[in-house]
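Quick notes on the structure that follows.
Excluded from the calculations below are hydrogen atoms, water molecules and symmetry mates; all remaining heavy atoms, backbone and side chain alike, are included.
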Amino acid sequence: MIESNLSSSALIRDLNPARPSSNGVIDAGLRGLESSQNALVRSAQEVTFATVTSNENQPVVLEADIQQALVDQIRSQQVFNASAEVVAVGDENIGTLVDTIA
């Protein structure tokens, strides 16, 4: 069901997803930024809590968990940077469109 408050460009984008609008591109970039930020927080928490207490009450670091969390952080950072580029390009395209119309 289509909500009545959708703009006509959103409806066109939904009907033709191969041709997204600049606003849709910026929205996708922002979703990528948010998603990668959440993944960074999760992996940072995994690094923080990657220690367990052994039977002798000595902390033991689970290196495999830390390594995977650090790999996840690097991947999330790359997604964040790519999403920021998507937002920048979308913003530039909107600026070009406004300049062309004006």
By salt bridge (charged side-chain N to carboxylate O under 4.0 Å, His left out) - contacts of Arg31 (at least two apart) | none
Before giving the answer on side-chain contact (heavy atoms from CB on, under 4.5 Å), spell out for Val89 and Val25 the whole-Å C-alpha distance, their side-chain angles and the decisive distance to 0.1 Å.
-> CA-CA 9 Å; Val89 168; Val25 169; 5.8 Å; no
When clusters are formed by joining ILVMFWY residues with side-chain heavy atoms under 4.5 Å apart, either directly or through shared neighbours, do Val79 and Leu30 land in the same one?
-> no
Throw together a table of side-chain donor-acceptor distances under 3.5 angstrom for residues 34-45, partners on residues two or more places apart or in other chains.
residue : atom : partner : partner atom : Å
Ser36   : OG   : Gly32   : O            : 3.0
Ser36   : OG   : Leu33   : O            : 3.0
Asn38   : ND2  : Glu34   : O            : 3.4
Ser43   : OG   : Ala39   : O            : 3.2
Ser43   : OG   : Leu40   : O            : 3.1

Provide the closest heavy-atom pair for Leu70 versus Val47 in the form atom of the first, atom of the second, distance.
-> CD2-CG2, 4.1 Å
How would you list all residue pairs meeting salt bridge (charged side-chain N to carboxylate O under 4.0 Å, His left out) that involve residues 74-84, not counting sequence neighbours?
-> Asp72-Arg75
From CD (Glu92) to CD (Glu85), nearest 0.5 Å | 10.0 Å
pair Ile26-Ile94: side-chain heavy atoms closer than 4.5 Å | yes
